[in-house]
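Contents: one structure, followed by commentary.
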Amino acid sequence: MNTPPSERLGTGTPRLSLNRWSFRTTPLQEFLEVTASHGIDAVGLWRQDVAEVGLDALRRRVDDAGLRVSTVCRGGFLTASAEADRVAALDDNRRAIDETVALGAPTLVLVVGGVDKTDKDIIGARARVSEAVAELAPYAEERGVTLSIEPLHPMFAADRAVVSTIDQALDIAEASGSAAAGVVVDTYHVWWDPYLERAIQRAAATNRLFSYQVCDWNLPLAEEPLNSRGYMGDGFIDFPSITRMIKDAGYTGDIEVEIFNEDVWATPADESAKIIAERFEQLVLPHA
């Protein structure tokens, strides 16, 4: 059941969205209830949530909690060179677009995929991503959602994303010829980019800045480096600076906190949500 605002633990934090993977080990229903209890009104969901409870049931749970969906993750993985694999990936992404529509989310996040080990051709892999996005974007546009291409840190080029910078993602989005293709800025993956401010301005100038996600870069890196994401303020990222870039670009949408971290997952969900909201209010919101 939706908790009345007067009974929620917090007073709410405007523009904050909690990404499901920040609470990966928390049962789905508990995650939704904790989010609502802190006066936060948006969540980023994953397709695994759809697989767990079913699309219609997931939408009902979100609605019953008084929440809305800021993003759906993830589509993508478009780098396969074999024709059968390429067709299967496109079909799966069309299903992901349909799920995004059904959940009422404005955008589907695309993690484009790593190098195809059969040919190890990173340039060819990027070309295949560009071709696939151009094929998928009209389908998304017809259904009223956008595709947010997510650059990942270069250390993930082999297995997750051959697109490493906002500029590379924008090249692909612009080549699609569709207004439905754009980018998500995730601080964990792009904070190091010396051309970040210029790239964010470029995204704004072409109306292709669709989502902003935040978490910190922690050291030492975890055995699985993707799980080195941390609470804002625990690592090395200058959130005020990057957030001002986003603000200056005219972005006024949700700001998702997406943290992959074993210690965060082991923290009780209510405590973790409180920490996230406090850090967001200190380091991000004043500059947004």
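The structure presented is a predicted model; accordingly, all values stated were derived computationally and were not measured.
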Under 4.0 Å between a Lys/Arg side-chain N and an Asp/Glu carboxylate O for E142 and R94? no
If only side-chain N and O atoms count, and only distance matters, is there a donor-acceptor pair under 3.5 Å linking Q29 with E33? yes
Whether D85 and R128 form a salt bridge (side-chain N of Lys/Arg under 4.0 Å from carboxylate O of Asp/Glu) is what I want to check. no
Note: D92-R95 ion pair, threshold 4.0 Å (strictly below): yes
May I ask you to decide whether E83 forms a salt bridge with R86, counting only side-chain N to carboxylate O separations under 4.0 Å? yes
Parallel under 30°, tilted from 30 to 60°, perpendicular over 60°: which one fits the rings of W21 and W46? parallel
Do L152 and V112 sit in one hydrophobic cluster, given that two such residues count as connected whenever their side-chain heavy atoms are within less than 4.5 Å of each other, even indirectly? yes
Quick test of your reading: applying side chain to side chain donor-acceptor pair (under 3.5 Å), list the pairs with at least one residue in residues 104-116, sequence neighbours left out, ordered by first then second residue. S81-D116, T107-T146, T107-S148, D116-T118
Only one of L147, L110, V133 clears side chain to side chain contact (heavy atoms under 4.5 Å, CB included) with N93; which? L110
Out of curiosity, does I97 fall in the hydrophobic cluster containing V184 (side-chain heavy atoms, cut-off under 4.5 Å, transitive links)? no
Return the CD1 to OH distance between I242 and Y212, rounded to the nearest 0.5 Å. 5.5 Å
Quick one: pull up CZ in F280 and CZ in F239 and give me the separation to the nearest 0.5 Å. 11.0 Å
The side chain to side chain donor-acceptor pair (under 3.5 Å) partners of Y188 (sequence neighbours excluded) come to none
Check this for me: does any side-chain nitrogen of one of R68 and D254 sit under 4.0 Å from a carboxylate oxygen of the other? yes
Counting heavy atoms not belonging to L219, are there more than 12 under 6.0 Å from its CG? yes
Do any pairs count as a side chain to side chain donor-acceptor pair (under 3.5 Å) and have a residue in residues 169-180, sequence neighbours left out, and if so which ones? E141-S178, D171-R202, E174-R202
